Amino acid sequence: MTRDEARKKILFALDVNGLAEIDRYAELLSGKVGMFKVGKELFTSCGREAVTTVQRRGGEVFLDLKYHDIPNTVAKAMVEATRMGVQLANLHALGGAEMMETAATAVRKEFGDQRPRLLAVTILTSSTAETLRGVGIDHPVEQMVVRLAKLAQDSGMDGVVASPLEIGLIREACGPDFLIVTPGVRPAFASVDDQKRIMTPGEAVAAGADYLVIGRPIAKADDPSKAADLIVDEIVAGGQ
Ligand code: C5P
């Protein structure tokens with residue numbers, strides 16, 4: 001794998017405060033990472049300026065808003081996300097087949113090949129078997145993850161967001177072309193923070209991840225740009 005291919009796999013989690021910080025990281029890291037992940041907190045506080053601030057610095061955006069609503073509403077939200085020119089956007093697979101199909105069809109119809117890749121969240125990694133039982137789902141988490149990944153694929157999604165430990169099962173069920181995006185990645189040089197079930201970047205890519213969501217190991221480093229380079233090294237070394 002080339003360094004550029006490895007770099008494109010890094011999705012930097014922009015868990016920062018305000019537009020000035022977004023701008024600082026976007027300037028520092030465009031060209032060093034593949035994309036910038038804008039999540040609910042940042043989007044709620046800064047609005048679409050969060051996206052345009054990254055784009056002005058030449059960065060690409062993963063809009064991580066995890067839509068879950070009636071099919072018509074999710075489809076329209078996805079179309080609006082696409083109009084912002086983001087490269088990845090997501091929804092919750094638990095919204096069901098019709099919701100995912102309606103969104104995928106609306107985006108494909110309006111934007112064709114110029115569309116973002118659409119991802120589904122299966123079961124949040126914060127959920128346990130007990131969480132699922134509480135909402136009336138009596139199946140093991142791993143079974144639900146695979147079931148929802150297949151449902152997402154059959155409903156026109158391009159891939160899923162998943163824990164590193166679920167990569168193998170999803171790859172097996174959904175084949176080589178289905179995108180797998182994984183957080184919970186910790187480079188050898190970084191602290192684990194509050195992440196529990198982790199893999200290194202090299203391990204995650206070797207296990208079949210297409211993209212890695214990485215925040216604090218880059219953001220909290222003394223030299224974020226150098227940290228991103230070190231992660232590229234790890235992917236190149238471990239992904240062979
Ligand atoms: O700083 P860190 O690398 O832990 O950031 C990971 C990012 O991925 C955060 O934005 C976090 O919310 C997100 N995430 C996660 N675990 C999940 C789902 C999302 O860490 N299961």
Side-chain angles (χ1 to χ4, degrees), residues 7 9-18 21-22 24-26 28-29 32-46 50-51 54 59-68 86 88-94 119-129 131-132 141-142 144-146 148-149 152 159-167 169-170 179-205 207 209-232 234-235:
R7 176 186 70 77
K9 292 183 178 296
I10 303 174
L11 309 183
F12 174 60
L14 259 177
D15 296 323
V16 301
N17 294 309
E21 268 197 62
I22 299 176
R24 186 164 72 83
Y25 280 109
L28 202 57
L29 295 172
K32 292 282 177 182
V33 299
M35 284 183 214
F36 295 81
K37 181 174 88 72
V38 173
K40 282 199 177 90
E41 187 182 347
L42 202 56
F43 198 77
T44 304
S45 61
C46 299
V51 172
V54 172
E60 299 196 337
V61 175
F62 167 19
L63 190 63
D64 179 24
L65 297 181
K66 301 187 182 74
Y67 299 128
H68 187 167
V86 305
L88 281 176
N90 59 4
L91 46 67
H92 269 286
L94 278 168
L119 304 174
V121 175
T122 56
I123 299 292
L124 289 169
T125 50
S126 51
S127 294
T128 61
T131 320
L132 296 188
V141 172
E142 283 186 351
M144 286 302 296
V145 166
V146 171
L148 290 168
V160 286
V161 183
S163 144
L165 305 184
E166 293 158 358
I167 296 170
L169 284 173
I170 295 169
L179 296 177
I180 301 177
V181 177
T182 184
V185 177
R186 281 294 175 269
F189 67 81
S191 70
V192 168
D193 302 312
D194 55 358
Q195 294 286 5
K196 295 198 175 71
R197 301 180 303 155
I198 56 169
M199 279 192 189
T200 66
E203 286 167 347
V205 170
D210 296 290
Y211 293 104
L212 314 174
V213 175
I214 304 179
R216 286 164 291 179
I218 295 174
K220 303 273 179 259
D222 292 336
D223 182 344
S225 161
K226 183 159 166 243
D229 283 341
L230 289 174
I231 293 170
V232 169
E234 284 196 28
I235 295 173

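Bear in mind the structure is a predicted one, so any value in this text is a computation, not a measurement. Worth knowing before you read on, the calculation uses all heavy atoms, side chains too, and leaves out hydrogens, waters and symmetry mates. Just so you know, ligand 1 is whichever comes first in the structure, and atom 1 is the first atom listed for that ligand. Numbering of residues begins at 1 and proceeds along the displayed sequence.
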* Out of Val161, Ile123, Ile218, Asp15, whose heavy atom is nearest to atom 11 (C) of ligand 1? ->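 Among Val161, Ile123, Ile218, Asp15, the closest heavy atom to atom 11 (C) of ligand 1 belongs to Asp15.
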So which heavy atom in the protein is nearest [atom], and how far is it from that ligand atom?
atom                   : value
atom 2 (P) of ligand 1 : Arg186 NH2, 3.4 Å
atom 8 (O) of ligand 1 : Val213 CG1, 3.4 Å
atom 6 (C) of ligand 1 : Gln195 NE2, 3.9 Å
atom 3 (O) of ligand 1 : Gly215 N, 2.7 Å

* To do: Below 4.0 angstrom from a heavy atom of Lys37, which ligand 1 atoms are there? Numbered from 1 as shown, please.
  =>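 By the 4.0 Å cutoff, the relevant atoms are 10 (O).
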* Contacting atoms of ligand 1, where contact means under 4.0 angstrom from a heavy atom of Arg216 ->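 Ligand 1 atoms under the 4.0 Å threshold to Arg216: 1 (O), 2 (P), 3 (O), 4 (O).
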* Any Tyr25 side-chain heavy atom under 4.5 Å of Val54 side chain ->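 Tyr25 vs Val54: side chains apart.
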* Asked: Would you say Leu91 and Lys66 make side-chain contact, with heavy atoms under 4.5 Å?
  ->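 No; the side chains remain at least 4.5 Å from each other.
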* Consider every N or O of Pro183 and every N or O of ligand 1, then say whether any pair is closer than 3.5 Å. =>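 Min N/O separation from ligand 1 is not below 3.5 Å for Pro183.
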* Asked: Do ligand 1 and Asp194 have nitrogen or oxygen atoms that lie under 3.5 Å from each other?
  ->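 No: no nitrogen or oxygen of Asp194 is under 3.5 Å from one in ligand 1.
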* Where do Ala228 and Lys32 come nearest, in terms of heavy atoms and distance? ->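 It is CB-O, 3.9 Å.
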* To do: State which residues pass side chain to side chain donor-acceptor pair (under 3.5 Å) with Lys9; sequence neighbours excluded, sorted by chain then number.
  =>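 Lys9: no side chain to side chain donor-acceptor pair (under 3.5 Å) contacts found.
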* Counting heavy atoms not belonging to Lys196, are there more than 12 under 6.0 Å from its NZ? ->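 No - once you tally the heavy atoms of other residues, nucleotides and ligands closer than 6.0 Å, there are 12 at most.
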* Asked: How does Ala219 reach ligand 1, by side chain, by backbone, by both or by neither, if only non-hydrogen atoms under 4.0 Å count?
  ->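 None of Ala219 does.
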* May I ask you to decide if the ring planes of His68 and His92 are parallel, tilted or perpendicular, using 30° and 60° as cut-offs? =>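 Judged by the thresholds at 30° and 60°, the geometry between His68 and His92 is tilted.
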* To do: Could you tell me whether atom 20 (O) of ligand 1 has a protein heavy atom closer than 4.0 Å?
  =>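 It does: a protein heavy atom is found less than 4.0 Å away from atom 20 (O) of ligand 1.
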* To do: Report yes or no: does a heavy atom of Ile214 sit under 4.0 Å from some atom of ligand 1?
  =>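 Yes, Ile214 has a heavy atom closer than 4.0 Å to ligand 1.
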* Report yes or no: does a heavy atom of Gly39 sit under 4.0 Å from some atom of ligand 1? =>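 No, Gly39 has no heavy atoms under 4.0 Å from ligand 1.
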* Which pairs pass side chain to side chain donor-acceptor pair (under 3.5 Å) with one or both residues in residues 216-227, sequence neighbours excluded? ->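 For residues 216-227, and leaving out neighbouring residues, the side chain to side chain donor-acceptor pair (under 3.5 Å) pairs sorted by first residue read Asp194-Arg216.
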* **Member of Val38, Asp64, Val61 meeting the side-chain contact (heavy atoms from CB on, under 4.5 Å) criterion with Leu14** =>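 For Leu14, the side-chain contact (heavy atoms from CB on, under 4.5 Å) check succeeds only for Val38.
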